[in-house]
Amino acid sequence: MPLRNPITDLPTHEVTNVPPLLGDQDLYAKDRVLQEGLKREGAGWAEEIVAGFGRKAGTEEVMEWANQANRYAPELKAFDRNGRRINQVTFHPAYHNLMDLAISNDLPTFAWNNPKPGNHVAHGALSYLLNQVEGGVLCPMAMSYAVLPALKATPSIANEWIPRLLAREYDARDIPAAEKKSITMGMFMTEKQGGSDVRANSTRARPEGDATGPGAPYILSGHKFFCSAPMSDAFLSLAYTESGLSCFLLPRWKPDGNRNGLYIQRLKDKLGNKSNASSEMELVETWGLMLGEEGRGVRTIIDMVQGTRYYCAIGSAALMRQALVQALHHTSHRSAFQRKLIQQPLMRNVLSDLAIESEAATTLFLRLGRAIGEGESDEGAASLARLGTAIGKYWICKRAPGHVYEAMECHGGPGYIEESILPRLYRETPVNSIWEGSGNVICLDVLRALQKDPAALPVFFAEIELARGGHSALDALIDSLKSEMKAPGDFETRARRITEMMALAWQGALLVQHAPNAVSDAFCAARINGPWSGAYGSLPGDTDFAAILERAGAEM
Ligand SMILES: Cc1cc2nc3c(=O)[nH]c(=O)nc-3n(C[C@H](O)[C@H](O)[C@H](O)COP(=O)(O)OP(=O)(O)OC[C@H]3O[C@@H](n4cnc5c(N)ncnc54)[C@H](O)[C@@H]3O)c2cc1C
C-alpha cells in the first residue's frame, strides 16, 4: 500500500512506550512539600503570589526560553563598531525574557518589598520555582537580593541605590543607573591569586580627592578573576587602602557620564550555568564609593555573602525537585519487563530515595528562610540563620549533583540527551557548591560561626531537640553530635564530619516534626541509622514507598 505521508507514516515509526511530553508544569500546585512548608514557616499570606508564579514559570514557553538562553550563550562585545571600548555583553532574547519574568515578579527583592514575617520564606519559594527551570538568571537575582543589607552600611549610598534595586520593571539598557527603570548588582571578590582567601587580593584603592572613609570616592586599580553578571549596573568589590581591605561600590557609569573603568577581558567558558555571563575584569582607574568602614571590607561584604549562600541552597533544592519531577514522569509512562518502571520494586526505592532527599532540602531551606527573617529582630534566630546558612549551603549543594545524576539515570539513555533537560540541570548543580564559598570553606565557616557566637550551638541544639523522641536514630544522632562537639582533637580536620552531622540532624528533626511518617522514617532509617553509602536507592525494604511516591506527585 502506498504511504500517505513519507515523513510521518514510515512503517518503522510507530512510537510506543514513551512518555507524553510533560507540557506546562504547575510548579506550585504539584509540590506538596513546598505548599506545606510555605504556610508552616509563616508565608501563607503569599500563597496566591507564589502559586501564580509557579504556573507562569513552569510553562513550556518559559522552559524553551531557558533552553535557548543556555544554547545561545552570551557573547562579549568589548568594542563598538568604531573601536571604542564599551565592555558590553550580548544575550539571546530568551535571556532577556527570563530576566524580565524574574524582575517583574519581584524575584530579587520580594523580601525587601514585603517587610513582614515570612517574607524571606516566600522570597525563597519564588526563587526555588524559577530555579527549577533556569539557574543562570538566578545569579544576578541572588546578588541583587543579597546586596541590600550590605548597602545599608553607608546611609548616603543606601539612600541612592536601594530604591533603584527595589523597582520591578526590567531595563536591560547600558545607561547610567539614575536613568534606568530598575537595576541589578553584582559582586567582585575573587582574584587570580586568591578566592577563598580574599586577604590575598591585590587590587588597590586611593582616595580620589581629599575626602576619605565611608561614602567618599576612591580610584581602584587591579583585576578580578570571576565577575558574574558583568552587565549589572553596579558591583561591590574589595580593594586595599592604607588601612586594609575595604569594600567599594563600583557603578558601570561614572557620575561625569562616562563609562567606568571596568574592562571585561573575556567571558569564562563554563561547565554549566551557560546563560549567565561570568567574566574576567581589569579595573583601570575605576571610580567607586567606599561602602562601610575603611579596612573592614570583609565585614561589609559578608552581609551580602550570607544572602547569596541562601540562594545556593535554594538553587540546589530546586534542581533536585525538577529532576525528581522529570524522573517521576518518565518512569510513570515507560515500561520495561512488563511493568511500568515506577512499579518495579527497585526503581520505587530509587525514586522514593530521591523524593525524600528533595523533601529534606526544600524543608530545610524554607526553615532557614524563616530564621533569616526573624533574625532581623531576634538574636537567637539571627544565630540560627548565620550558622544554618552555612550548614544548608554545604549540605544541600553537596547532595544535588548525585541526585540529579540519579534522576537522569532513571530515564535510561534519553536522560543523557539534551532535550530531556536533565543534562542542563546536571551541569548546573556543582556551581552552587563551588561559588560563594566552596565546600571546605563553608565547613570552616560553620566552625567560625560556632566560635564567634557562643549562642549559636545552644540555639541549634534547641532547634533539633524539638524532635527528641520522634525517632530513636535521630535521638542517637543528636547525642553523638553533642559528644562530637566535646571531643578533643582538631576541629578543623573534622569540620565536614561535624557539618554533615548537623545537617542530617537538622533535616531529620524537621522531617520528624513536619513530614508524614513514611518520609521521616525512611530518612532516619536510611541516612542516620547504620551504614549509608550516600548513593540513592538503598531505603529499607519496609519503607512505605507508595506513600512517599504519591506525596512527591507520582502519577501511578
Ligand atoms: C561560575 C562561577 C562564577 C563565579 N562568579 C563569581 C563572582 O561573580 N564574584 C566573585 O567574587 N567570585 C565568583 N566566583 C568565584 C568563586 O566564588 C571562587 O572560585 C570560590 O570562592 C573559590 O575560590 P578559588 O577559586 O580561588 O579557590 P581556592 O580559594 O583556591 O580554593 C580551592 C579549594 O581549596 C579549598 N580551600 C580553601 N581554603 C581552604 C582551607 N583553609 N582548608 C581547606 N580547604 C580550603 C576550597 O574549599 C576549594 O575547594 C565564581 C566562580 C564560578 C565557578
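Along the sequence shown, residues carry numbers from 1. Order of listing sets the numbers, starting from 1, for every ligand and every atom in it.
Residue contacts with ligand 1: Ser196 is placed with a nitrogen or oxygen under 3.5 Å of a nitrogen or oxygen of the ligand (distance criterion only). Checked by distance only, ligand 1 and Thr190 come closer than 3.5 Å through their nitrogen or oxygen atoms. The shortest N or O to N or O distance between Glu492 and ligand 1 is not below 3.5 Å. Ligand 1 has no N or O atom lying under 3.5 Å from any N or O atom of Leu444, backbone or side chain. Distances between N or O atoms of Met187 and those of ligand 1 include at least one value under 3.5 Å. Looking at Met189 next to ligand 1, an N or O pair under 3.5 Å apart turns up.
When distances from atom 29 (O) of ligand 1 to the protein are checked, a heavy atom turns up under 4.0 Å. Taking a distance limit of 4.0 Å, we find that atom 40 (C) of ligand 1 is approached by some protein heavy atom.
Nearest-heavy-atom check against atom 3 (C) of ligand 1 across Ser228, Cys443, Ser237 picks out Ser228. Among Gly186, Gly195, Ser438, Ala142, the residue whose heavy atom lies nearest to atom 26 (O) of ligand 1 is Gly195.
Every heavy atom of Asn273 sits 4.0 Å or more from the atoms of ligand 1.
Contacts between Phe225 and ligand 1, counted as non-hydrogen atom pairs separated by less than 4.0 Å, are absent for every part of the residue. Residue contacts with ligand 1 for Ala229 are absent, since no atom lies close enough (heavy atoms, distance under 4.0 Å).
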Scan the side chains in residues 290-307 for donor-acceptor partners under 3.5 Å anywhere in the protein, sequence neighbours excluded, and list what turns up.
unit_1, atom_1, unit_2, atom_2, d
Glu294, OE2, Thr241, OG1, 2.7
Glu294, OE2, Ser243, OG, 3.4
Thr300, OG1, Arg296, O, 3.1

Residues 91-103 side chain polar contacts: donor-acceptor under 3.5 Å, at least two apart:
unit_1, atom_1, unit_2, atom_2, d
His92, ND1, Ala94, N, 2.9
His96, ND1, Tyr170, OH, 2.8

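In this structure, Tyr310 and Tyr145 have tilted ring planes: the angle between them lies in the 30° to 60° band.
Atoms of ligand 1 found under 4.0 Å from any heavy atom of Lys270, numbered from 1 in the order shown, are 1 (C).
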